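Worth saying up front: this structure is predicted, and the values here are computed from it rather than measured.
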Amino acid sequence: MSQRELPPVFSSAEIEASLYEKWVDAGYFTPEANSDKVPFSIVLPPPNVTGVLHIGTALDHTIQDILIRMKRMKGFNVLWLPGTDHAGIATQNVVEKQLAKEGLSRHDLGREEFVKRVWRWKEESSGAILKQMRRFGDSVDWTRERFTMDEGLSNAVLTIFKRLYDAGLIYRAERIINWCPRCMTAISDIEVDHSEDEGELLYIRYGDGKDSIVVATTRVETMLGDTAVAVHPDDARYADMIGKTITLPLANRQIPIIADEHVDPEFGTGAVKVTPAHDPNDFEIGQRHSLQNIVMLNPEAVVTGTGTEFDGLDRFEARMAIVEVLRAQGRIVAEKRPYIHSVGHCQRCDTTVEPLLSKQWFVKVAPLAKAAADAVRNGKVKIEPESLAPRYFEWVDNMHDWCISRQLWWGHRIPVWYGPNGEIFVTGPNEVAPAGYFQDPDVLDTWFSSALWPFSTLGWPVQTDDLKKFYPTSVLVTGYDILFFWVVRMMLFGLFAMDGVPPFRVIALHGLVRDKFGKKMSRSKGNAIDPLELMDIYGADAIRFTLARGANPGSDQALAEEWIAGSRNFGTKLWNATRFAMLNGATVSGALPDFESLNAIDRWILSRLNRTISEVGALLDSYEFARACEIIYHFAWDDLCDWYLELSKDAFASAMAEDSKRVLGHVLDQLLRLMHPVMPFITEALWTTLTGGESLVIAEWPKANPSHHDKDGEKLILQVQEIISEVRRFRNDQGIKTSQRIPGQFYAPAEFARYESAMRFVLRIDHPEEGIFVPSKTLMVGEFKIELDLRQSVDIVAEHSRLSKDLASAMRDRETAIVKLSNDGFMAKAPESVVVEIRERLTKTDMDIARINAQLEQLTSA
RNA sequence: GGGUGCUUAGCUCAGUGGUAGAGCGCCUCGUUUACACCGAGGAUGUCGGGGGUUCGAAACCCUCAGCGCCCACCA
C-alpha cells in the first residue's frame with residue numbers, strides 16, 4: 001500500500017472545506033429509505049430562525065450529529081427529521097422590521113404579498129444557515145426544512161385539525177387571552193415571560209361617604225371596565241355591603257358589590273375591583289356572577305368606548321391621567337411605590353402583555369395531556385436524563401387549554417369557514433367550504449404544526465412505507481428549555497394521531513451553553529460567544545469537541561474560549577501523533593498479529609484500546625457525551641501519546657518490529673473511528689491517509705475485542721509507569737537536567753528485560769562503563785529496581801525532603817489500613833475483596849516504609 | 001406559592017458506599033526522533049454547616065444556610 005505523508009502542520013479551514021464537499025458529493029448523508037438496515041430515526045430541533053448559527057444551536061447540532069454519525073457507522077439506516085423553523089411571530093417580526101426600514105407595514109403589502117415576502121426571506125436565510133451548518137460538519141441536509149409550509153404538511157394540519165374538532169377537542173370561545181399590542185396577536189401562556197417589575201399599588205375609594213369601599217390595584221386604567229367590586233363572603237367588614245351597588249368613579253356607573261371565594265381578605269383592603277374583560281380571575285368571577293364584560297381597550301391597547309375623557313389615550317398614558325384625576329378628587333387613600341410585582345411580557349418583543357377578552361380557538365388539552373403523561377409514566381417513552389421527568393410531569397399534569405389562533409399572516413390558516421348565518425364548516429384535505437362562506441382570518445400557533453413533525457414529515461396522513469418503518473422515531477434530541485414548547489406538543493398530537501403510539505422512544509435532553517462563569521449568555525451583557533468567529537480561529541472540530549465534552553445530560557455547560565483552545569490543542573496532538581506513527585511505519589495492512597505473541601507494551605495498548613472502545617460505546621449509547629469524550633481524550637493523550645509512543649521511540653530509532661507497526665496502525669485506525677463523531681474533519685483526514693480507506697463516514701464502528709483484555713499486562717505497565725515517574729521525580733528534585741545522561745543498572749521482571757532499552761531511552765540512563773559503576777541511589781517500584789551512579793554526591797537536602805514526603809504519605813496510608821483491619825465491624829461485614837485490597841495496601845506500605853527508612857539512613861550516614 | 005437542581009482544588013465541572021479527580025490556571029525545569037497548540041515534575045481540598053444511618057459517607061437520610069432554574073391568575 002502506498003501511504004501518503006501527512007504535512008507537518010494542517011489547516012483546519014482547508015480540511016473542513018474539502019471534506020465536506022467530498023461527503024456531500026459522495027451522497028453519504030442521504031438516508032437510504034429502502035435499506036434493510038435497522039432503522040434509526042432522530043427528530044431534530046429547529047435551526048435558528050434568524051439564520052445565524054448560535055452557540056446553543058451549535059450544541060444541538062453537535063449532539064445530534066454525534067448520534068447520527070455513530071449510528072450510521074454502526075450500520076443503522078439513519079433518517080433525520082429536521083425540526084420546523086416556522087416560528088410564526090419571530091419570523092413575521094423579522095420581515096416586518098425589514099419592511100419598517102422601507103417605511104412600509106404589512107398592511108401596505110397585503111396578506112398575499114406579505115407571505116411571499118416572508119418566503120423569500122426564509123429561502124435566503126436558510127441558505128445562510130445551511131452553509132454555516134455545513135462548515136460545522138453537520139451531516140443533516142437542512143434543505144428538508146422547506147416542508148415546513150408545503151402541501152404535505154398542510155394536509156397533515158388540515159387532517160389533525162378536523163379530527164380534533166370532530167372529537168370535540170378543538171373549540172372556539174371567548175376567553176381572556178394574552179394579547180401583545182405590538183405584535184397585535186394573541187399569544188399562548190408560555191410565550192409570556194414574567195418579570196418582577198416596579199409598579200405602584202394604589203388604594204382607591206369607590207363610592208362616597210358611608211357607602212364607599214376602598215380597593216387596591218396596580219392597573220388603575222382598567223377601572224373604566226369595572227363591573228363589580230368583590231369581597232370575601234365571610235369578611236365581616238363588608239358583610240352589610242354585599243348586594244348593594246356603588247358608584248364607579250370617573251365612569252359614573254353603578255356597580256354591584258358581590259361576594260366571591262376567590263378574594264383574599266388578607267390582601268390590601270380585602271375588596272377587589274372586578275374587570276372581567278381584562279383579567280383572567282375577574283373573568284371567572286364575572287362568569288360566576290353573570291357580570292357584564294366591558295372591553296375598554298382596543299387591540300392597540302388604546303382606551304376606547306368608555307365615554308370618558310380618557311378615550312384615545314394609550315393604556316399607560318391613561319393610567320397616569322386617571323391617577324391624576326383621582327388624586328384631585330381625593331380618592332387615592334394610600335399608595336405603595338415602588339411596588340414590585342410580576343408583569344407579563346411578550347417573549348418576542350418584550351412589550352407588556354395585556355390580558356384581553358377575545359374570541360379564540362382552543363385545544364382542549366386534558367385528555368391529550370393525560371395520554372402524554374401516561375406514555376412516560378408507563379415507560380413507553382423514556383426521558384434522558386430521568387431527573388428531568390418531574391419537570392415534564394409538572395407541565396402535562398397541570399396544562400391549561402391551549403390557545404391556538406394567532407392574528408398573524410405568516411402561518412397555517414385556520415381551516416374554519418363561517419357561513420352567512422354563523423354556520424361553521426371545518427375543511428379537511430381536499431374539502432371546499434360552501435359558496436358564500438368566508439375563512440377565519442387567523443393562523444395557527446407555530447407549535448400546532450410543529451407538533452406534527454415526527455409523522456407529518458413521514459407522509460402522514462398517508463400510510464407511507466417511511467411512516468411504518470420510522471414511526472415512532474428512535475430519539476428526539478433537544479435542550480430542556482424547549483420541553484414545553486415543542487416536545488410536549490409533539491407528544492400530545494403524536495399519541496392522538498397515531499392511535500396511542502408516541503412520537504419517539506427516547507427524549508434526550510441536553511442543557512444550555514453558558515459563559516465561563518456559568519452565567520447566561522446574552523448579547524447585551526457582551527458575554528455571548530460567536531461560534532463562527534471561533535470556528536475561524538480554532539476550527540470546527542475544536543468547537544464540536546468542546547461542546548461534546550461539556551455535554552452532561554440535562555445540565556448546563558460553562559464555555560470559555562480556553563476550552564476551545566484546549567480542544568484545538570488536542571486535535572493538533574492527534575495530528576502530530578498520527579503523523580509521527582506513520583513516519584515510523586504504522587500500518588493497517590495484513591492481519592493483526594496473534595495477541596499472545598505480542599510483546600507486553602503492544603498487548604497493553606491493545607488492552608487499553610479494548611477497554612476504551614467498550615466504555616465509549618456504552619457512554620454514547622446512554623447519551624453521556626462528556627464522559628465519552630473524557631475517556632477518548634485520556635486514551636489518546638495519556639496512553640497512546642505519553643506512554644506508548646514514548647516507550648516506542650527506542651524501537652523507532654532502529655526499526656520498529658513488524659508486529660508493533662501493525663498494532664500501532666490498528667490502534668490509530670480504531671481510535672480515529674471512535675473519535676470521528678466528535679471530531680469529524682481531522683479524523684477523516686488522518687484516517688484516509690493512514691488506511692487509504694474511502695471515508696470514516698461509511699467506515700464501521702469499532703468493536704471491543706474481549707480477547708485483548710489483559711488485566712495482568714495492564715498492571716505490569718502500571719509498574720513501568722510508576723518506576724519511570726519515580727526516576728523522573730528523583731531527577732527533577734535533584735535538579736538533574738533532562739538532557740544529562742546518568743549511568744545506571746536495571747533490574748526488571750524477565751518479561752520486561754527487553755524493554756530495558758526503551759526505559760533507558762526515556763529516562764536517559766546509560767549502561768555503566770565496566771568496572772567503575774558505583775551505585776549512589778536505588779529506586780524501586782514493585783518488581784522493578786534501578787540503581788544510579790550519580791558520579792557526584794546526591795543533593796542530600798533535596799533528597800531528604802523528597803523521601804520524608806514519601807514516608808509521611810506511606811505512614812498515613814499504613815495508618816488508615818491498620819485502623820480498618822483492626823476494626824471488628826469492618827472485618828466482619830466488609831466484602832472479602834475489599835479486605836484483601838486493604839491487606840495488600842498494608843503490605844505495600846510496610847515495604848515502602850522500610851525501603852524509605854533505609855534510604856534515609858543511608859543518606860544521613862553518607 | 002408549587003416543582004426542581006446545585007453547593008467538591010484559584011476557575012469551570014466530573015465522581016453517587018471502600019486511600020478525593022479532570023481540564024484550564026499556578027510554580028519549577030526542559031529544544032530529547034512527532035507535537036512549545038509540547039514534554040517532565042510540583043503545589044493546592046476539614047467535598048456548604050450541623051445531625052443521623054453504616055464496619056466505612058463527598059456519595060444514603062434528616063435539618064439549616066446560600067445560589068440557580070422552571071412553572072403559577074394573587075388584585
Indicate for each nucleotide in nucleotides 34-45 of chain B, in 5' to 3' sequence, whether protein heavy atoms under 4.0 Å reach the base (B), only the sugar-phosphate (S), or nothing (-). BB-BSSBSSS--
Reading 5' to 3' through nucleotides 10-22 of chain B, protein heavy-atom contacts under 4.0 Å coded B for base, S for sugar-phosphate only, - for none: --BSS---BB--S
Can you pull the side chain to side chain donor-acceptor pair (under 3.5 Å) pairs that have at least one residue in residues 536-545 of chain A, sequence neighbours excluded?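 Sorted pair list: A:Asp65-A:Arg544, A:Arg135-A:Asp536, A:Tyr538-A:Glu561.
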Please work out whether the ring planes of A:Phe570 and A:Tyr633 are parallel, tilted or perpendicular, with thresholds of 30° and 60°.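 The rings of A:Phe570 and A:Tyr633 sit tilted, inter-plane angle from 30° to 60°.
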Pairwise side-chain contact, A:Thr478 with A:Leu509, heavy-atom cut-off 4.5 Å (strictly under): yes
As a test of reading the structure: which of B:G2, B:C73, B:C69 is closest to the side chain of A:Arg391, going by heavy atoms?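 The answer is B:C69.
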For nucleotides [N] and [M], find the distance between their [atom1] atoms and express it as a whole number of Å.
{"N": "B:U44", "M": "B:G21", "atom1": "C1'", "answer": "13 Å"}
{"N": "B:U12", "M": "B:C71", "atom1": "C1'", "answer": "29 Å"}
{"N": "B:A9", "M": "B:U4", "atom1": "C1'", "answer": "28 Å"}

Quick one: side chain to side chain contact (heavy atoms under 4.5 Å, CB included) partners of A:Pro265, sequence neighbours excluded?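 A:Pro265: side chain to side chain contact (heavy atoms under 4.5 Å, CB included) contacts with A:His232, A:Asp235, A:Arg237.
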For A:Asp733, check side chain to side chain contact (heavy atoms under 4.5 Å, CB included) against everything at least two apart and list the hits. A:Arg729, A:Arg802
Rounded to the Å, how far apart are [X] [atom1] and [N] [atom2]?
{"X": "A:Glu394", "N": "B:G5", "atom1": "CD", "atom2": "P", "value": "12 Å"}
{"X": "A:Gln734", "N": "B:G30", "atom1": "CD", "atom2": "P", "value": "16 Å"}
{"X": "A:Asp397", "N": "B:A72", "atom1": "CG", "atom2": "C1'", "value": "15 Å"}

Check whether any side-chain nitrogen or oxygen of A:Tyr480 sits under 4.0 Å from OP1 or OP2 of B:G5, and answer yes or no. no
Dot-bracket notation for RNA chain B, counting Watson-Crick and G-U pairs under 3.5 Å, with | for partners on another strand: ((((((((.[[[[.)..(..]]]].(((((.......))))).....[[[[[..)....]]]]])))))))....
